[in-house]
Asker: 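Handing you this structure, nothing more for now.
Residue numbering restarts at 1 for every chain, and letters A, B, ... go by the order of the sequence lines.
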2 protein chains.
Amino acid sequence: MDTAELARAIGERVRAARAERGLTLGALARSSGIGKGSLSEIEHGSRNPNLSTLYALAGALAIPLAALLAETAGAEIAADGIRARLLDVEEGPDAVVEVYRLDLEGGVEHRSGAHGPGVVERVLVLRGRVTAGRDGARRTAGEGELLTWVSDVPHGYRADDAGAVAVLTVTTPRA
Amino acid sequence: MDTAELARAIGERVRAARAERGLTLGALARSSGIGKGSLSEIEHGSRNPNLSTLYALAGALAIPLAALLAETAGAEIAADGIRARLLDVEEGPDAVVEVYRLDLEGGVEHRSGAHGPGVVERVLVLRGRVTAGRDGARRTAGEGELLTWVSDVPHGYRADDAGAVAVLTVTTPRA
DNA sequence: CACGAGTGTTCCATGAACGGAACGGTAGCA
DNA sequence: TGCTACCGTTCCGTTCATGGAACACTCGTG
């Protein structure tokens, strides 16, 4: 991703956030103190805004600056009915633990092949009910409950019809 | 926090990252394609760099742009021997769940007063051993284990001597 | 149809961020 | 002590991002 692409991505996020809030370009210009022309070009990605402009913009839209500029492309895995966003990576002496936020649409099955030996997955349910685990040994957890399995064989996740949100941790032992 | 403060904070982060990597200002200038003078002033916070400059800088330092610009002040709670970094907030229909990464130094006790009624805390241990819970009803969990308690009374956390890392979720019911 | 009030885009003079050159300071070395 | 090499800071001419004005366009209204 180069700067032009990033500028375009930021522009899209700004326009989406503005639309979400029902603001016109002029209204956002007034509340942020940024020129209407500047805003227009920022939304099109044809500007190279400086820090104060970005900061004022994020403030007026009530978005964290980091969220406005995130290069989430690589950190976000999205498929039909499932979205996994990397929140954190803990590099311990014996293992690396990745922490994801998992958004599961209702009723959609997500399958995953076998991972390396010793890889353990854990799902801590935040909202809804999740059925997950190794093929043939699925279990179900409700809010606040934890599912654990060794994922060296094919496995999968599924939410109740209402959908679910969970924290997924993937623990990979060091080679 | 205004723009000047943010610029100063970013400058400090840049200088720290550069020192960590053992780079001189000139070397970083060459690898990032940014002028040496610009870099010097950015590190002092006396510049208002634009997007392409920030992006090139983050790239040369191998830091995510979002991390360079994060306004972590509000999202990070740091005290003696404990650090809690907000990873995510899930706003469900019945409750709001905050997800934190918890870093606990060995042997240090962290106490917390009572929260509102119905607030539930959960600790999923990623590394080490954690003893936590309501006063008088502490329990201990090792890697991959989960501790849960209702935090409407004083409670606390403590890691083994080696320290620990965990995911903490705080579930607050909607009023 | 004319008009006013709104939209978002394009244009422009000004001021500031840019890269690079010049500078003072320090360390190593003959 | 003279020389070289490199450090980080300050300065400077050029380039470009800025806010605001001018603009084209779309509605709703009389």
Asker: Return the 5'-most residue of the pair R15(B), N50(B) with respect to DNA chain D, ranking by each residue's nearest nucleotide.
Answerer: R15(B)
Asker: Atom NE2 of H44(B) and atom C1' of dC11(D): how far apart are they, to the nearest Å?
Answerer: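 Taking atom C1' of dC11(D) as the reference, NE2 of H44(B) is at 15 Å.
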Asker: Taking side chain as C-beta onward, heavy atoms only, is L28(A) less than 4.5 Å from L61(A)?
Answerer: yes
Asker: Could you name each residue pair satisfying side chain to side chain donor-acceptor pair (under 3.5 Å) that touches residues 139-152 of chain A, not counting sequence neighbours?
Answerer: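 Applying side chain to side chain donor-acceptor pair (under 3.5 Å) to every pair that reaches into residues 139-152 of chain A, excluding sequence neighbours, yields E121(A)-S151(A), T131(A)-T140(A), R134(A)-D152(A).
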Asker: Any side chain to side chain donor-acceptor pair (under 3.5 Å) involving residues 25-40 of chain A? Give me the pairs, sequence neighbours left out, ordered by first then second residue.
Answerer: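 Non-adjacent pairs meeting side chain to side chain donor-acceptor pair (under 3.5 Å): S38(A)-R47(A).
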Asker: Tell me, do V97(B) and V167(A) make a side-chain contact under 4.5 Å, heavy atoms counted?
Answerer: no
Asker: Return the value, rounded to whole Å, for the distance between atom CD1 of I34(B) and atom P of dG20(C).
Answerer: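 For the pair I34(B) CD1 and dG20(C) P, the rounded distance is 11 Å.
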Asker: So, do T53(B) and N48(A) sit near enough that their side-chain heavy atoms are less than 4.5 Å apart?
Answerer: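 T53(B) does not reach N48(A) side chain to side chain.
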Asker: Is any side-chain heavy atom of L54(B) less than 4.5 Å from a side-chain heavy atom of L65(B)?
Answerer: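 In contact.
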Asker: Calculate the interatomic distance between L57(A) atom CG and dG19(D) atom P; express it in whole Å.
Answerer: 11 Å
Asker: Looking at T53(B), I'd like to know whether one of its side-chain N or O atoms comes within less than 4.0 Å of OP1 or OP2 on dA17(C).
Answerer: no
Asker: In whole angstrom, what separates L28(B)'s CG from dC6(D)'s C1'?
Answerer: 16 Å
Asker: Rounding to a whole Å, what distance do you find between I42(A):CD1 and dT10(C):P?
Answerer: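 In whole Å, dT10(C) P and I42(A) CD1 are 15 Å from each other.
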Asker: Atom CD of E41(B) and atom P of dC12(D): how far apart are they, to the nearest Å?
Answerer: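 Whole-Å distance recorded here is 13 Å.
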Asker: Can you find a heavy atom in the side chain of R101(A) that is under 4.5 Å from one in the side chain of V99(B)?
Answerer: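 A side-chain contact under 4.5 Å is absent here.
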Asker: Could you list, one pair per line, each protein nitrogen or oxygen that sits under 3.5 Å from a nitrogen or oxygen of nucleotides 5-7 of chain C, together with the distance?
Answerer:
{"from": "dT7(C)", "atom 1": "OP1", "to": "T24(A)", "atom 2": "OG1", "distance (Å)": "2.9"}

Asker: Which of the following nucleotides, dG19(D), dC18(C), dT10(D), is nearest to the side chain of S38(B)?
Answerer: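 For the S38(B) side chain, the nearest candidate turns out to be dC18(C).
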Asker: Name the closest nucleotide to the P49(B) side chain, picking from dC18(C), dT10(D), dT10(C).
Answerer: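 Given the options dC18(C), dT10(D), dT10(C), the side chain of P49(B) is closest to dC18(C).
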Asker: Just the rounded figure in Å: distance from P of dA17(D) to CZ of R47(B).
Answerer: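 Those two atoms, CZ and P, are 14 Å apart.
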Asker: Over how many whole Å does the gap from L39(A) atom CG to dG19(D) atom P extend?
Answerer: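 Spelled out: CG on L39(A) to P on dG19(D) is 8 Å.
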